[in-house]
Protein chains: 2
Amino acid sequence: MAEKVTIATVARHARVSRQTVSNVLNAPHIVRQETRERVEEAISALGYRANQAARQMRTGRSRLIAARIEPTRDGINGSVLDRFLHGLTETADAAGYRVLLYTATDDEREITTYDDLLGTYELDAFVLVGTKYGDPRTEWLADRDVPFVTFGRPWDALDAHPWVDVDGAAGTAQATRHLLATGHRRVAFIGWPSGSGVGDDRRAGWRDALHAAGVDPTGLHRETEDGIAEGERLMRDLLGTEAPTAVVCASDSLALGALQAIRGIDPPVAVIGFDDTPVAVAVGLDSVSQPLGEAAARCVDLLTGVLDGNHETPTHVLLQPSLALRHTA
Amino acid sequence: MAEKVTIATVARHARVSRQTVSNVLNAPHIVRQETRERVEEAISALGYRANQAARQMRTGRSRLIAARIEPTRDGINGSVLDRFLHGLTETADAAGYRVLLYTATDDEREITTYDDLLGTYELDAFVLVGTKYGDPRTEWLADRDVPFVTFGRPWDALDAHPWVDVDGAAGTAQATRHLLATGHRRVAFIGWPSGSGVGDDRRAGWRDALHAAGVDPTGLHRETEDGIAEGERLMRDLLGTEAPTAVVCASDSLALGALQAIRGIDPPVAVIGFDDTPVAVAVGLDSVSQPLGEAAARCVDLLTGVLDGNHETPTHVLLQPSLALRHTA
DNA sequence: CTCGCCGTCTTGAACGATCCAATCTGGATA
DNA sequence: TATCCAGATTGGATCGTTCAAGACGGCGAG
């Protein structure tokens with residue numbers, strides 16, 4: 001077992017002082033080129049790697065970003081988080097940061113966890129996925145000047161903190177326009193009850209697209225909690241009245257339920273879901289696809305912007321979704 | 001902003017020395033009860049938290065465990081990892097460890113990443129998900145005496161290193177027995193080509209269960225790469241010959257394909273998948289369910305056993321899966 | 001010629017915890 | 001009263017890095 005290679009080993013090897021080695025790493029421009037090259041040579045020859053703990057102790061920065069991994073709620077939508085996390089890890093890596101996972105069963109515990117992570121690990125930043133109106137977590141973090149980004153807009157105060165989001169309204173609008181373009185007029189919408197920012201946004205996209213096309217949306221929409229069974233129930237309900245010929249859903253779960261409700265109906269009712277989850281891919285359901293990798297990358301961009309003191313970076317990013325067309329619309 | 005609370009602050013507050021505070025934290029039994037209580041009181045009054053970087057610098061241990069998050073291969077099976085990671089985070093947390101994510105596109109890069117993580121962050125251990133025959137990664141880690149556990153057996157040398165796995169053969173056997181018990185005789189199997197430990201294991205479970213029931217499995221099995229389209233193709237192929245009345249599949253992807261192939265056939269062919277992914281839940285597919293939370297917990301157990309020098313813990317854990325019955329069988 | 005400045009490099013101290021060896025305390029024993 | 005001992009406590013050194021301040025030589029301006 002070779003002994004540990006520290007900055008002192010490198011310094012000895014390159015016949016300079018510790019500080020000069022440190023400067024080569026952290027402020028290369030103040031070191032003369034010839035010296036710099038000698039040091040860099042020594043670094044790679046010895047396989048030196050800066051010890052993060054020691055660095056952290058001095059600078060107070062851990063180069064660690066915390067992200068929450070949730071208890072796989074629905075199962076269907078859980079995979080969105082999975083893809084987001086992967087993107088986050090990849091981009092953070094490239095920026096010299098690492099992603100630390102944490103979980104919590106409720107908001108209060110989550111805040112305790114923040115305290116813990118900050119206190120013992122000195123985390124640099126947090127990434128929150130999904131926030132609600134008046135979220136206590138963002139408030140807590142903001143109060144303490146802890147850098148953080150949310151994936152999802154703070155609907156009640158868009159300028160409260162940095163965020164990255166996908167334009168849900170644009171997604172449902174795009175889906176609706178696609179259906180209109182293929183000849184449908186009675187395009188329905190199955191979504192969530194009013195009050196959730198995300199749900200309202202997605203419904204608005206559908207409504208606006210219909211209005212723009214001169215179609216009256218009255219009677220063409222239903223609201224419910226998320227879930228396959230609920231989607232099926234509401235779709236049957238829609239079919240019972242003046243049946244729509246197509247439907248846009250606020251989630252793949254709802255869309256999957258709708259698909260089950262229309263089985264066997266001819267001509268087939270077109271269905272478009274939201275999130276492009278693996279389930280949608282599996283059953284060939286058309287769906288609005290969120291650019292999750294891109295979203296994760298932007299989260300990291302925003303954070304590094306704040307962390308590296310670059311205040312010129314924008315603090316809000318709204319990404320455009322795309323339509324994954326298969327064969328249900 | 002209150003100034004930082006260090007071990008010295010606590011010591012002053014409790015009118016003892018730093019070392020005594022440290023002893024209260026790391027070796028409580030050698031401190032007189034009265035003193036200990038005074039120190040503990042000071043700790044909670046001041047909200048003191050041991051600084052991990054400082055501790056790590058002295059002890060060389062980071063209390064960090066690395067886990068890989070993969071690029072969501074299939075999408076369907078990706079969610080298995082998601083659930084596993086959640087369990088890992090939760091259990092590690094309880095044991096005083098944190099989970100750090102990493103990714104890599106290929107084995108070579110992954111090993112470079114190990115080197116990096118060990119060098120700069122001094123990671124305590126690794127959790128690998130899925131290993132192949134003669135995996136270079138496990139070899140590299142073992143060579144350097146880095147503690148690690150795999151979720152998935154090293155099929156070529158079961159004693160090579162600690163592992164946790166789910167008994168796939170038991171799962172397919174259970175599925176097969178269930179089908180036999182409900183009156184099926186011609187129970188087919190759609191799996192992966194020979195050579196993958198996991199695939200061979202799952203096929204063996206089916207075959208053994210048939211043998212035990214006195215059913216000849218000849219002509220009742222097909223092999224292919226994973227995927228929905230492949231599952232559908234092979235199911236049609238099976239139907240073309242002496243049609244089976246039920247089929248057990250090595251994955252939910254294959255099972256989903258099989259389901260599409262048998263649509264409209266009466267009496268319906270029973271289908272059972274493997275992994276109990278969200279897709280299976282969504283479409284009501286019966287599936288063999290792996291106890292992922294339990295598996296993650298056991299991984300942490302094994303690691304802490306090694307890390308805390310407790311050599312009496314077992315090094316292999318084989319868990320039993322269960323059958324999630326819905327309505328396709 | 002001297003002074004100050006700049007670029008380059010070096011030295012000592014500090015971050016907050018743990019380990020080690022030395023010291024203190026109080027009670028039992030000679 | 002002096003001695004000893006075990007248990008509890010203390011101060012100093014240390015981990016590897018960065019920060020702050022200073023040293024050194026050369027150069028241009030006064």
Side-chain angles (χ1 to χ4, degrees), chain A residues 2-40 42-43 46-64 96 118-124 308-309, chain B residues 1-40 42-43 46-64 96 116 118-124:
Chain A
E3 67 182 303
K4 236 178 213 169
V5 178
T6 76
I7 210 170
T9 322
V10 177
R12 244 189 338 266
H13 196 269
R15 277 159 302 136
V16 293
S17 67
R18 292 166 320 199
Q19 183 60 28
T20 301
V21 178
S22 175
N23 284 338
V24 168
L25 294 171
N26 303 307
H29 58 280
I30 68 166
V31 179
R32 189 159 43 125
Q33 181 171 354
E34 183 206 313
T35 315
R36 187 171 61 226
E37 280 166 4
R38 202 167 71 235
V39 171
E40 279 164 352
I43 288 178
L46 294 167
Y48 166 77
R49 293 190 140 79
N51 180 306
Q52 177 54 31
R55 172 174 285 177
Q56 175 180 347
M57 184 141 75
R58 197 68 247 253
T59 63
R61 295 186 42 181
S62 59
R63 302 201 76 82
L64 245 39
L118 288 171
T120 72
Y121 285 89
E122 298 180 292
L123 263 91
D124 287 346
D308 299 345
Chain B
M1 191 93 168
E3 68 181 306
K4 236 177 212 169
V5 178
T6 77
I7 208 170
T9 322
V10 176
R12 240 185 346 261
H13 194 269
R15 276 158 302 137
V16 293
S17 68
R18 293 167 317 197
Q19 179 62 18
T20 302
V21 179
S22 175
N23 283 339
V24 169
L25 294 171
N26 303 307
H29 59 279
I30 68 166
V31 180
R32 189 163 39 135
Q33 180 171 352
E34 185 205 316
T35 314
R36 187 172 61 224
E37 281 166 5
R38 203 167 71 237
V39 171
E40 280 164 351
I43 287 177
L46 295 167
Y48 166 77
R49 294 190 139 79
N51 180 306
Q52 176 55 31
R55 172 175 287 176
Q56 177 181 344
M57 185 141 71
R58 196 73 245 262
T59 62
R61 294 185 44 179
S62 60
R63 302 201 75 83
L64 245 38
D116 217 55
L118 288 170
T120 73
Y121 286 89
E122 298 181 293
L123 264 90
D124 286 348

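Quick caveat, the model's predicted, so the values are computed rather than measured.
- If you check C/dG16, C/dT18, D/dT17 against the side chain of B/Thr59, the one that comes closest is C/dT18.
- Residue A/Ala50 is in sugar-phosphate contact alone, with no base atom involved, counting any heavy-atom pair closer than 4.0 Å across all strands shown.
- At whole-Å resolution of the value, CZ in B/Arg12 and P in C/dG16 are 11 Å apart.
- No contact: A/Arg61 has no heavy atom under 4.0 Å from any strand.
- Taking atom OH on B/Tyr48 and atom P on C/dG16, their separation rounds to 10 Å, with Å as the unit.
- For the residue pair B/Gly96 and B/Arg63, the shortest heavy atom distance occurs at O-NE, 2.9 Å.
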Please write out the pairs of protein N or O atoms and N or O atoms of nucleotides 8-11 of chain D separated by less than 3.5 Å, giving the distance to one decimal.
residue	atom	partner	partner atom	Å
D/dA8	OP2	B/Ile30	O	3.2
D/dT9	OP1	B/Thr35	OG1	2.8
D/dT10	OP2	B/Ser17	N	2.5
D/dT10	OP2	B/Ser17	OG	2.9

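- The heavy-atom pair separating B/Leu25 from B/Ile43 by the smallest distance is CD2-CD1, 3.9 Å.
- In this structure, the salt bridge (Lys or Arg N to Asp or Glu O under 4.0 Å) partners of A/Arg38, at least two apart in sequence or on a different chain, are A/Glu34.
- Looking at A/Arg58, its side chain comes within 3.5 Å of the base of D/dT18 through a donor and an acceptor atom.
- Between the side chain of B/Glu122 and the backbone N or O of B/Leu64, no donor-acceptor pair lies under 3.5 Å.
- Phosphate proximity of D/dT18 to A/Ser22: present, with a side-chain N or O under 4.0 Å from OP1 or OP2.
- For the pair B/Gln52 CD and C/dT18 P, the interatomic distance rounds to 10 Å; values are reported in whole Å.
- When all heavy atoms of A/Leu123 and A/Leu118 are compared, the closest pair comes out as O-CD2, 3.6 Å.
- Under 4.0 angstrom from either OP1 or OP2 of C/dC15 there lies no side-chain N or O belonging to B/Asn51.
- In this structure, B/Asn26 places its CG atom 18 Å from P of C/dG16, rounding to the nearest Å.
- The shortest non-hydrogen separation linking A/Ser62 to A/Gln52 is O-NE2, 3.0 Å.
- Atom CD1 in A/Ile7 sits about 8 Å away from atom C1' in D/dT18, given to the nearest Å.
- Annotation for B/Ala8 and B/Arg18: closest pair CA-CG, 4.2 Å, computed over non-hydrogen atoms.
- Rounded to whole Å, atom P of D/dA13 lies 17 Å from atom CE of B/Met57.
- Between B/Arg55 and the phosphate of C/dT18, there is a side-chain N or O to OP1/OP2 separation shorter than 4.0 Å.
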